[in-house]
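Source: prediction; values computed, not measured.
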Amino acid sequence: SVLSAICFRNDETLSYIFQAGMALYKIVPKNPYYFWSVMSLIMQSISAQDENLSKTMFLPLAERMVEKMVKEDKIEAEAEVELYYMILERLEKYKEALDVVRGKLGEKLTSELQSRENKCMAMYKKLCRWPECNALSRRLLLKNSDDWQFYITYFDSVFQLIDESWTPPPEEEHSLEGEVHYTVEQAVKFIEERITEESKSSRPLRGPYLAKLELIRRLRYRGCNDEYKLGDPEELMFQYFKKFGDKPCCFTDLKVFVDLLPSSQYTKFISQLLEVIPLSATAESEIALPADIKALQQHLCVVQLSRLLGIYHAMDKKQKLTVVRELMLRYRHGLEFGKSCLKTELQFSDYYCLLAVHLLLDLWLEGEESAVWQCLTLLEEGLSHSPSNAQFKLLLIRIYCRLGAFEPVAELYSSLDAKHIQHDTIGYLLTRYAESLGHYAAASQSCNFALRFFHSNQKDTSEYIIQAYKYGAFEKIPEFIAFRNRLNSSLHFAQVRTERMLLDLLLEANISTSLEESIKSMSLSPEEDDIPWKDLRDNRDLTVLFNWDPKDRDISEEHRKLSLEEETMWLRIRSLTLRLVSGLPTLSHTIQPKNSEKTAENGVSSKIDTIRSLLQQLEAAVDSGKKFLEQKIQYPVLGPPPTRMAGFFSNGSCQCQTSLFYLVSDIYELDTNGLGKSEIQERIGNSFKSLVDRLTDLFNKCKGDLIEVRDGTLKTHPNLLENLVFFVETISIALWVSSYCDSVLRPFKSNLQKKKKKKKESSVAMPPVFTHFLDYVTELQTLTSNVIDHIKGLEIILTALKLEDLSLKDTLVNVTVIRDLLTVQYLL
């Protein structure tokens, strides 16, 4: 029961754990019970809102408790040393933490490889003790010259010492860790020695060669490369390719250093690499092909570098198509080497197919419509040979969604078999398009998958914490807590939760249940906003798709920042819309007349005040969104997908929905003040007319051909679908608002008719608001009927369309586009 209570992080529960641990220790004096109490103090320090309280009370008390055990020589386990180290690190007592690791207690740190050295290194960096950093990293590199993290620390420390003009003390040890390198000459010599040692090794090591390139880059950045002749970067990369070019990692290794090459040398460098690859021409093929997998990997590395250096981007349409044709020939030839591969294994030549698709995507963005259909053809062919290739599936998902064809996407995403955290990192690929393309069932299902993961996260992480306590893995507990907090603050979590509730209202409210019952079942309240706006975390993996584009075309940190800003703005608009809808049932008409508006009851704002406040916030959010869109940001084609915000503004949905909520405010004012004020009735009448006009205009923007065939080229118009989905949402809000209007106006009309009967007057003029409302409802009915007819027409067109009869001109593969994948049910 004590371990179960650990998962509840309020102060009272943590205090209970502290007391329970101490009580158990007194009964059975075993260290785990004692250190449960210590860990409960650390957890209180983590959860404390006041950082000062954490560092002045909880952590010092935990420190004293551990020091007591140290003095009594009762520290038994590595976990207890880890806990002591954690406390000192959080207290920023880095010197004391270093002494613990270097001392007798540090000898217990044995479960992880180089655990002691890594902790020492971390403390040296915190203390800015660069001589020790340098000496320790140098010593560790002498043991393992392929450990990249220590090369980085070694270079960092060398240049820190150079900047500080550090010199070793006379007749003393350089540092606690031994000899220190504090000049560029020493660093150059050390790296050259590592390369010499590597040449004697039985196993080739990449680290020393890459370290030399890293040193060149750092020296060049500091403007002193020419003084120390380390060699020509182009030649060094060429030699590296000759040694490791047949390894799949060669490209990713060299990718980091291509900026050392002058742009004028790109073509020469690629030609130089191609010359050393053993390719042989055959009678059957017009190009020279590799004879084995090793040569194929080398050539594939060169092709990837060509894309990275922008050589393919500089080509014209004809040249690109020639390269695509060549890449696909190489891809199909490479399949010969993978005949024995299992279905779960990837083909050796898959990257050729992916690179060909990337070139075709370039052509599509340049206006070549047929190129995108060729992309689908090639990817489907690739997937037939490598059914487990996630990159083929992810790229197909992105392209199908861009075309507005969602039906194949659900199956593709399902075949990815996303697990655990992936529902947060790549779930946006599915949830962004499912609803906007009219697939409400798939949208509901995708939201459910994500929400199930987020909700189970609470239980799962609690179990992890309990097990960490049980087995003494105390250092993992803060990591589990941070992981749980990160998921609770996930942008994607907030998005799917909001969209799922809006979707449920659209599918159920006033259909299977009333709006009021639907909102009540969701525990929605217009006053409550449970989205952690200040702590929202963008956990999306925006680099999940492989990309070989140059830096200027690739996704940048600025793109990430702007995408998060856009997503947050759109989420705020959607959240406010949901809260405004949830406020409609709270404004239910009461029979008793109201003489004046109550602004507050028992210090709580009235319901209409809440609605009006939310409406003001919505207006502010819309203004911010419009200003953001004025920047006209273009994300890379494989970068973050833009939100639906631009369509929401441009098609008129935003204006319609905002006007509907303002109408609610006006109707409430009429309900409060009665029918005496003609200006209110006139304002409401104008709103009814304006709304019908705007809804009609929105509907007109839904009309058009979803699929257009012109001069043998196929083009889709997914924006028509998005407009239609927005129309359905807006008309639903209009019907909910109309229901509220009816609940207010019906009693007024009933009372007037009763008075008319009592006075026996045959010609009493009815207030104009009733006529306006009747006309509004009639026009809404007509408009809704027209929309239903339009959707039925779309279904007939899509059913009649036979895409297998279409021919793709200039197609590289003589494969008919599969009807099941391209004949999509766009809506309903």
Side-chain angles (χ1 to χ4, degrees), residues 1-51 53-91 93 96-97 99-101 103-112 115-116 119 456-485 488:
S1 61
V2 174
L3 289 176
S4 299
I6 286 166
C7 305
F8 299 96
R9 293 175 51 216
N10 59 64
D11 291 340
E12 289 182 10
T13 307
L14 292 171
S15 178
Y16 160 71
I17 298 168
F18 174 81
Q19 295 169 12
M22 293 305 296
L24 285 168
Y25 181 71
K26 288 177 182 178
I27 299 168
V28 184
K30 291 185 177 180
N31 280 19
Y33 300 144
Y34 186 87
F35 281 94
W36 285 1
S37 297
V38 176
M39 191 63 217
S40 71
L41 290 172
I42 296 177
M43 290 184 72
Q44 286 184 73
S45 76
I46 293 171
S47 61
Q49 298 294 324
D50 186 355
E51 188 178 347
L53 181 66
S54 170
K55 290 188 176 181
T56 57
M57 187 173 81
F58 297 121
L59 290 173
L61 177 56
E63 181 189 12
R64 288 195 295 272
M65 289 180 69
V66 180
E67 284 178 347
K68 179 178 180 294
M69 297 294 278
V70 173
K71 289 174 183 176
E72 295 175 3
D73 197 23
K74 291 184 178 179
I75 299 293
E76 299 172 352
E78 179 182 4
E80 295 160 12
V81 180
E82 292 272 11
L83 193 58
Y84 191 20
Y85 175 83
M86 187 197 308
I87 293 167
L88 294 171
E89 187 179 21
R90 288 179 176 274
L91 282 169
K93 293 187 175 182
E96 291 82 351
D99 292 340
V100 168
V101 177
K104 184 180 178 181
L105 291 175
E107 295 174 4
K108 296 182 183 293
L109 301 171
T110 57
S111 65
E112 293 182 14
S115 173
R116 200 174 182 184
K119 285 179 168 57
S456 67
N457 162 57
Q458 291 290 335
K459 180 183 176 182
D460 292 344
T461 49
S462 296
E463 185 61 31
Y464 303 153
I465 293 169
I466 289 172
Q467 293 302 317
Y469 259 94
K470 188 175 179 180
Y471 294 105
F474 298 119
E475 77 282 1
K476 296 297 179 185
I477 293 173
E479 294 179 22
F480 292 142
I481 293 172
F483 177 73
R484 178 167 63 185
N485 292 341
N488 288 341

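- In this pair, Tyr464 and Phe480 present their aromatic rings tilted. The plane angle is within the 30 to 60° band.
- Remark: Asp99 engages Lys95 in a salt bridge (charged side-chain N to carboxylate O under 4.0 Å, His left out) (not counting sequence neighbours).
- Not a single side-chain hydrogen bond (donor to acceptor under 3.5 Å, both in side chains) links Thr110 to another residue, sequence neighbours left out.
- With Ser54 contributing its side chain and Ser45 its backbone, the two residues share a donor-acceptor pair below 3.5 Å.
- Rounded to the nearest 0.5 angstrom, Lys30 NZ and Leu24 CG are separated by 11.0 Å.
- Residues Leu109 and Tyr85 form no side-chain contact, since every pair of their non-hydrogen atoms from C-beta on lies 4.5 Å or further apart.
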Criterion side chain to side chain contact (heavy atoms under 4.5 Å, CB included) on Leu83 and Ile42, from CA distance to verdict = CA-CA 9 Å; Leu83 193 58; Ile42 296 177; 3.3 Å; yes

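- Looking at residues two or more places apart in sequence or on another chain, you find a side-chain hydrogen bond (donor to acceptor under 3.5 Å, both in side chains) between Gln458 and Asn488.
- Heavy-atom minimum distance, Pro478 versus Arg90: CB-NH2, 3.4 Å.
- At a threshold of 4.5 Å between non-hydrogen side-chain atoms, the residues Val66 and Phe35 count as touching.
- When all heavy atoms of Lys108 and Ile75 are compared, the pair lying nearest together is CE-O, 3.6 Å.
- Sorted by first and then second residue, the pairs that involve residues 41-51 and meet salt bridge (Lys or Arg N to Asp or Glu O under 4.0 Å), not counting sequence neighbours, are Glu51-Lys55.
- Checked against salt bridge (charged side-chain N to carboxylate O under 4.0 Å, His left out), Glu82 has the following partners two or more places apart in sequence or in another chain: Lys119.
- Across all their heavy atoms, Phe483 and Asn457 have their closest contact at CE2-OD1, 3.8 Å.
- Remark: Glu107 pairs with no residue by the salt bridge (charged side-chain N to carboxylate O under 4.0 Å, His left out) rule, at least two apart or across chains.
- Proximity of Val38 to Met69: side-chain heavy atoms (C-beta onward) are nowhere separated by under 4.5 Å.
- Under a 3.5 Å cut-off, the side chain of Tyr34 and the backbone N or O of Met65 do form a donor-acceptor pair.
- Using a distance-only test at 3.5 Å, with no hydrogens or angles considered, no donor-acceptor pair links the side chain of Glu76 to the main chain of Asn31.
- Heavy atoms only, all atoms of each residue included: Ile477 and Ala468 are closest at CG1-CB, 3.6 Å.
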Residues Glu67, Tyr84; criterion side chain to side chain contact (heavy atoms under 4.5 Å, CB included); working and verdict | CA-CA 8 Å; Glu67 284 178 347; Tyr84 191 20; 3.3 Å; yes

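- Taking the side chain as every heavy atom from C-beta outward, Glu63 and Glu96 never approach each other to under 4.5 Å.
- Separating the CD atom in Glu479 from the OG1 atom in Thr461 is a distance of 13.5 Å, to the nearest 0.5 Å.
- Taking both residues in full, the closest heavy atoms of Phe474 and Met86 are given as O-CE, 3.4 Å, listed atom of the first, atom of the second, then distance.
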